[in-house]
Participant: 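The structure that follows is given in the form of structure tokens.
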Amino acid sequence: MKAATTDTFAHRLLAWFDVSGRHDLPWQHPRTPYRVWLSEIMLQQTQVATVIPYFQRFVERFPTLPDLAAASTDDVMAHWAGLGYYARARNLHAAAKACVAHHGGELPRDFDALHALPGIGRSTAGAILAQAWDDRFPILDGNVKRVLTRYHGIGGWPGLPAVEKQLWALAHAHVEHVPAGRLADYTQAQMDFGATLCTRARPACVLCPVNEDCVARREGLTEALPTPKPGKPLPEREAVALLLENTAGELLLQRRPPTGIWASLWTLPQADTDAGMRDWFAQEIAGDYDNAEELPLIVHTFSHYRLHLQPLRVRKVALRDTVRDNDDLRWVARTDLATLGLPAPIRKLLGNGS
DNA sequence: AAGTCGGGGGA
DNA sequence: TCCCCAGACTT
């Protein structure tokens with residue numbers, strides 16, 4: 001069994017790109033630093049198909065960096081309107097002016113100088129240098145994060161600093177294997193690969209040029225990676241459950257309805273409130289509810305809420321004469337519990353010797 | 001570390 | 001509806 005490797009990744013990706021990559025995007029013809037920069041800014045959090053018409057109109061109105069620097073704010077914003085994230089346009093304009101003021105009207109071919117310009121972060125600076133000059137810099141955008149988490153089997157949400165640090169290290173390791181003169185193609189290849197093959201949903205693993213070495217594919221984790229962003233805190237709900245024992249030591253179980261939480265499973269009689277539980281008890285049971293013993297609180301997490309379930313135990317009770325043992329309400333010997341479908345937290349409670 | 005910015009597309 | 005997208009910046 002082979003582990004994910006950095007030896008072959010770049011070469012295989014480039015071979016795939018030569019045949020199946022995108023070679024006709026507007027900013028590739030011609031591929032000037034200014035046009036690469038503009039495209040990278042427009043493509044931040046924005047899909048290619050959305051960007052293309054904006055890019056065409058923008059470069060037609062502002063063909064060069066000095067043209068952009070000389071334009072009015074209103075003119076620039078008018079050509080950005082509809083793209084969203086308008087701070088990008090303001091930063092772009094400010095950066096153009098800074099380039100005219102400090103870099104002779106061109107984008108600097110220096111990582112730190114580029115990174116210092118407004119709107120250009122670590123990944124965008126690398127993308128510009130690699131694509132415009134074939135300089136050896138890695139990128140780490142959403143596509144690359146998805147590809148690397150899968151290829152190397154990296155768990156944890158990629159937005160976490162610790163995970164991101166790991167991914168940058170892997171991106172660096174891969175880029176070291178790219179042949180000189182192919183950094184621009186490699187950069188584009190990663191994005192094309194992530195956008196067309198290693199997609200978020202239903203990736204085309206059969207066609208993947210690196211599927212032999214992909215950890216996620218080998219371990220069946222393709223759908224699970226990258227780890228999704230943690231959601232908002234779950235709503236909290238409370239409920240009461242009754243652990244009822246008859247004189248024979250049997251437990252009273254109730255079958256859940258065929259839909260909803262724990263559908264058709266056997267659980268303890270349960271209610272949303274203590275008052276509701278008391279009413280049900282008075283209706284169905286012969287015994288003393290006030291004699292109930294509080295058992296340890298059960299906290300159980302569902303996909304859409306967290307349940308705090310308070311179990312109450314009452315011994316030596318019976319069903320009222322009007323209520324019969326039936327399909328939905330049964331006395332069960334402890335030794336027979338294993339034969340019934342019980343939710344995990346309930347099974348744990350009953351197996352605890354409670 | 002978390003919040004903010006935005007419109008579009010897919011599940 | 002929710003989540004994600006060629007992220008960067010501020011608090």
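Below, each value reflects all heavy atoms present in this structure, side chains not excepted, and no hydrogens, waters or symmetry copies.
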Participant: What nucleic acid atoms does A:W80 come within less than 4.0 Å of, heavy atoms only: base, sugar-phosphate, or nothing?
Facilitator: nothing
Participant: Check whether any side-chain N or O of A:S20 sits under 3.5 Å from a backbone N or O of A:F17 as a donor-acceptor pair, and report yes or no.
Facilitator: no
Participant: Using the ring pair (Phe, Tyr, Trp, His ring centres under 6.0 Å) criterion, which residues pair with A:H103? Sequence neighbours excluded.
Facilitator: none
Participant: Listed by chain and number, what are the side-chain hydrogen bond (donor to acceptor under 3.5 Å, both in side chains) partners of A:R22, not counting sequence neighbours?
Facilitator: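 A:R22: side-chain hydrogen bond (donor to acceptor under 3.5 Å, both in side chains) contacts with A:D192.
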Participant: What distance, rounded to whole Å, do you find between the two C1' atoms, one in C:dC4 and one in B:dC5?
Facilitator: 15 Å
Participant: Please enumerate all protein N or O atoms sitting under 3.5 Å from an N or O of nucleotides 7-11 of chain B, with distances to 0.1 Å.
Facilitator:
none

Participant: Return the 5'-most residue of the pair A:G121, A:R200 with respect to DNA chain C, ranking by each residue's nearest nucleotide.
Facilitator: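 Nearest-nucleotide comparison on DNA chain C picks A:R200.
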Participant: Going by side-chain hydrogen bond (donor to acceptor under 3.5 Å, both in side chains), name the residues that satisfy it together with A:T149, two or more places apart in sequence or in a different chain.
Facilitator: none
Participant: For DNA chain B, what residues of residues 174-196 of chain A have any heavy atom nearer than 4.0 Å?
Facilitator: none
Participant: Apply the hydrophobic cluster definition, ILVMFWY joined by side-chain contacts under 4.5 Å directly or through others, and give me every member besides A:V206.
Facilitator: none
Participant: Using atom C1' of each nucleotide, how far apart are C:dA8 and B:dG9 to the nearest Å?
Facilitator: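 Here C:dA8 and B:dG9 have their C1' atoms 23 Å from each other.
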Participant: Take atom C1' in C:dC3 and the same atom in B:dG6, then report the distance between them in whole Å.
Facilitator: 15 Å
Participant: Using a 4.0 Å heavy-atom cut-off across all strands, classify A:V144 as base, sugar-phosphate, or nothing.
Facilitator: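 Touches nothing.
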Participant: Between the main-chain N or O of A:A216 and the side-chain N or O of A:E219, is there a donor-acceptor pair closer than 3.5 Å?
Facilitator: no
Participant: Starting from the C-alpha separation in whole Å, work towards a yes-or-no answer on salt bridge (Lys or Arg N to Asp or Glu O under 4.0 Å) for A:D75 and A:R61.
Facilitator: CA-CA 9 Å; A:D75 203 358; A:R61 172 63 185 85; 2.3 Å; yes
Participant: Same hydrophobic cluster for A:L312 and A:V299, using side-chain heavy-atom links shorter than 4.5 Å among ILVMFWY?
Facilitator: no
Participant: Do any pairs count as a salt bridge (Lys or Arg N to Asp or Glu O under 4.0 Å) and have a residue in residues 131-157 of chain A, sequence neighbours left out, and if so which ones?
Facilitator: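 Every salt bridge (Lys or Arg N to Asp or Glu O under 4.0 Å) pair that includes a residue of residues 131-157 of chain A, provided the two are not neighbours, is A:R109-A:D135, A:K145-A:E164.
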Participant: So, are A:D213 and A:R12 salt-bridged, with charged N and O less than 4.0 Å apart?
Facilitator: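 Looking at A:D213 and A:R12, the cut-off is met.
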Participant: Taking only the C1' atom of each, what is the distance from B:dG8 to C:dC9 in whole angstrom?
Facilitator: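 These two C1' atoms come out 23 Å apart once rounded.
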Participant: Applying salt bridge (Lys or Arg N to Asp or Glu O under 4.0 Å) as the test, list every pair that has at least one member in residues 279-293 of chain A; sequence neighbours left out.
Facilitator: A:R278-A:D290, A:E293-A:R313
Participant: For Watson-Crick and G-U wobble pairs within 3.5 Å on both distances, what is DNA chain B written in dot-bracket notation, | included for inter-strand pairing?
Facilitator: |||||.|||||
Participant: Heavy-atom nearest nucleotide on DNA chain B for A:Q44 versus A:A162: which residue maps closer to 5'?
Facilitator: A:A162
Participant: Quick one: do A:R182 and A:D185 satisfy side-chain contact (heavy atoms from CB on, under 4.5 Å)? Show the steps, please.
Facilitator: CA-CA 5 Å; A:R182 298 224 62 188; A:D185 286 344; 2.9 Å; yes
Participant: Once ring pair (Phe, Tyr, Trp, His ring centres under 6.0 Å) is applied, do any residues pair with A:F62, and if so which ones, sequence neighbours excluded?
Facilitator: A:F58, A:H79
Participant: Using whole Å, report how far CD1 of A:I41 lies from C1' of B:dG6.
Facilitator: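 Whole-Å distance recorded here is 16 Å.
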Participant: Would you classify A:L92 as touching base, sugar-phosphate or nothing, given that sugar-phosphate means primed atoms plus P, OP1 and OP2, and contacts are heavy atoms under 4.0 Å?
Facilitator: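 The answer is nothing, as A:L92 stays clear of every strand by at least 4.0 Å.
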Participant: How would you give the extent of chain A contacts on DNA chain C, as first and last nucleotide 5' to 3' within a 4.0 Å heavy-atom cut-off?
Facilitator: C:dC4 to C:dC9
Participant: Which residue lies toward the 5' end of DNA chain C, A:N91 or A:K229, if each is placed at its nearest nucleotide?
Facilitator: A:K229
Participant: Once you round it to whole Å, what is the distance between P of B:dA1 and CH2 of A:W157?
Facilitator: 11 Å
Participant: Please list all pairs meeting salt bridge (Lys or Arg N to Asp or Glu O under 4.0 Å) that have one or both residues in residues 32-60 of chain A, counting only residues at least two apart or in different chains.
Facilitator: none
